[in-house]
Amino acid sequence: MKTFISAVVCLSISTSTLSQANFKNYEQQIPGTGMNHRMVAVTGGSFLMGTPASEPGRDADEGPQKKVEISSFWMGAFEVSRDEFDVFYKDESTSQNAPADAITRPSPQYIDFSLGMGKEGGYPVNSLSQYAALMYCRWLYQKTGIFYRLPTSAEWEYACRAGSTSTYPFGNDAADLEKYAWYAANSSGTFKKTGQKAPNAWGLYDMLGNVTEWTIDHYEEDALQRLGDKTKDPMVPFNPMRYPKLLKGGSYSDDAPQLRSGNRISSDPSWNVRDPQIPKSKWWLTEAGGVGLRVIRPYLQPS
């Protein structure tokens, strides 16, 4: 785990042999399966991170807005599905009891964490901790030789906005969310199969709603205030012992203001309050049915 965390913190240690000619969308085969996960090429650039003081529903932690520069990366067109995550979950080449610096896999589920909302066939994986999301990325890296990780909050927001400066990627009118997102007003209280709503301008599906997505950042209320001049690929440094963590996008159970591009969501200990285990699971969250993940692949691969 230590080596992996170091690679996460140093987001761009060395350049890869990739060329701009190779920077295009591609399909990543999920090892040992016939499944492919679509990866969308997101060309780097600069954007205003956060929200203006005039935006309806804005929280204090969304400002002040800062112009930041983002390096190129690929992002999953869809949220990671339960089918994809289950390959990792059931991979007997990993060990549930391996030491911390070896590949591990999730502990057995003691309840149905899908809560009856759907598993196989394209539903997003849900109810998992940031640690579980990180370890899925690690497993994918070990199996493919390609470095995958969670997005930073800045990368996520840049990709979600897709060049827009409005409240949502498609504009300011929440009435149009129906076309792009599963949320409280149209989900009937459950997440749905990924990719059923329209994508944003860059071809990314379900960036808003369905399941809230982990970022690699820690949540700090004044993160944008403290950013200062560090505006190149910003992130709140990774520390596995600190709490809370930062998520983006909102879920099927959230109202429209929580789905705004600039909204920031902090994890909470109450998300695992009913876990009967001692100590509580570091993999699964009993009260977080609307929490999932999306992976990215940085254009500049770590050494």
Side-chain angles (χ1 to χ4, degrees), residues 7-16 18-26 39-55 57-77 147-172 180 199-205 207-208 213-238 246-250 259-265 294-302:
V8 167
V9 175
C10 301
L11 297 185
S12 298
I13 298 174
S14 64
T15 59
S16 70
L18 290 171
S19 67
Q20 286 296 328
N22 294 326
F23 190 59
K24 56 187 177 182
N25 297 356
Y26 71 95
M39 300 297 297
V40 174
V42 177
T43 302
S46 61
F47 81 111
L48 276 178
M49 185 178 179
T51 58
S54 60
E55 183 168 300
R58 179 185 188 268
D59 296 318
D61 64 355
E62 297 170 26
Q65 283 186 296
K66 290 288 184 71
K67 186 175 183 178
V68 301
E69 185 179 352
I70 303 296
S71 299
S72 296
F73 59 90
W74 289 269
M75 175 175 265
F147 184 69
Y148 289 96
R149 60 170 170 81
L150 299 179
T152 66
S153 174
E155 289 167 335
W156 192 99
E157 186 174 332
Y158 177 73
C160 178
R161 289 187 179 279
S164 70
T165 58
S166 49
T167 302
Y168 305 100
F170 51 80
N172 294 315
Y180 298 90
N200 71 4
W202 290 352
L204 301 167
Y205 294 80
M207 289 296 286
L208 307 181
E213 298 171 14
W214 285 112
T215 73
I216 203 167
D217 289 26
H218 287 280
Y219 173 83
E220 292 182 351
E221 187 172 5
D222 59 350
L224 283 170
Q225 292 177 341
R226 296 171 58 185
L227 191 58
D229 296 329
K230 299 177 181 178
T231 57
K232 171 68 173 177
D233 294 321
M235 67 174 289
V236 179
F238 187 90
L246 180 61
L247 305 93
K248 297 284 289 182
L259 274 65
R260 293 174 298 109
S261 299
N263 185 45
R264 303 170 77 243
I265 302 165
R294 186 184 303 260
V295 300
I296 77 160
R297 170 189 176 180
Y299 178 77
L300 300 180
Q301 290 275 285

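As a basis for the values below, the full set of heavy atoms in this structure was taken, side chains included, without hydrogen atoms, waters or symmetry mates.
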*Do Lys232 and Glu69 meet the salt-bridge criterion of a basic N to acidic O distance under 4.0 Å?*
yes
*So how far is it from Leu150 CG to Leu246 CG, rounded to the nearest 0.5 Å?*
11.0 Å
*Could you state the interatomic distance from CG (Leu247) to OG (Ser153), rounded to the nearest 0.5 Å?*
10.0 Å
_Spacing of CD belonging to Glu213 relative to CD1 belonging to Ile265, to within rounding of 0.5 Å_ = 10.0 Å
_Keeping Arg264 on the side-chain end and Glu220 on the backbone end, is there a donor-acceptor pair under 3.5 Å?_
yes
*Is there side-chain contact between Cys160 and Leu208, with heavy atoms separated by less than 4.5 Å?*
yes
*Working for side-chain contact (heavy atoms from CB on, under 4.5 Å), residues Arg149 and Glu155*: CA-CA 12 Å; Arg149 60 170 170 81; Glu155 289 167 335; 2.9 Å; yes
*For Asp217 and Trp156, run side-chain contact (heavy atoms from CB on, under 4.5 Å): C-alpha distance rounded to whole Å, both residues' side-chain angles, the deciding distance at 0.1 Å, then the answer.*
CA-CA 11 Å; Asp217 289 26; Trp156 192 99; over 6 Å; no
*Do Pro52 and Thr165 have side-chain heavy atoms sitting under 4.5 Å apart?*
no
_Nearest atoms (heavy-atom pairs only) where Ala162 meets Asn200_ = CB-ND2, 3.8 Å
_Heavy-atom donor-acceptor pair, Asn25 side chain to Val40 backbone, under 3.5 Å_ = no
*If you take all heavy atoms of Met39 and Tyr148, which pair is closest and at what distance?*
CE-CE2, 3.8 Å
*asked:* Quick check: closest heavy atoms across Leu48 and Glu157, and the distance to 0.1 Å?
replied: O-OE2, 4.0 Å
*asked:* Measuring only between side-chain heavy atoms, which start at C-beta, is Ile70 closer than 4.5 Å to Val42?
replied: no
*Is the closest side-chain heavy-atom distance between Tyr158 and Met49 below 4.5 Å?*
no
*Ignoring hydrogens and geometry, is there a side-chain-to-backbone donor-acceptor pair from Gln301 to Phe147 under 3.5 Å?*
yes
_Quick check for you: to the nearest 0.5 Å, what is the distance between Tyr299 atom OH and Asn22 atom CG?_
7.5 Å
*Do Ser72 side-chain atoms and Thr43 backbone N/O form a donor-acceptor pair below 3.5 Å?*
no
*Non-hydrogen atoms of Asn263 and Asp59 that approach each other most closely*: OD1-OD2, 3.6 Å
_For the student: nearest non-hydrogen atoms of Gly57 and Arg260, plus distance_ = O-NH2, 2.9 Å
_For Phe170, all residues meeting ring pair (Phe, Tyr, Trp, His ring centres under 6.0 Å), sequence neighbours excluded_ = Tyr168, Tyr180
*Please report the closest heavy-atom contact between Leu204 and Met75, naming both atoms and the distance.*
CD1-SD, 3.8 Å
*asked:* Against Thr215, only a single residue in Lys248, Arg294, Met235 fulfils side chain to side chain contact (heavy atoms under 4.5 Å, CB included); can you say which?
replied: Lys248
_Spacing of NZ belonging to Lys66 relative to CG belonging to Leu224, to within rounding of 0.5 Å_ = 6.5 Å
*Which word best sums up how the rings of Trp74 and Tyr26 line up, parallel for under 30°, tilted for 30 to 60°, or perpendicular for over 60°?*
perpendicular
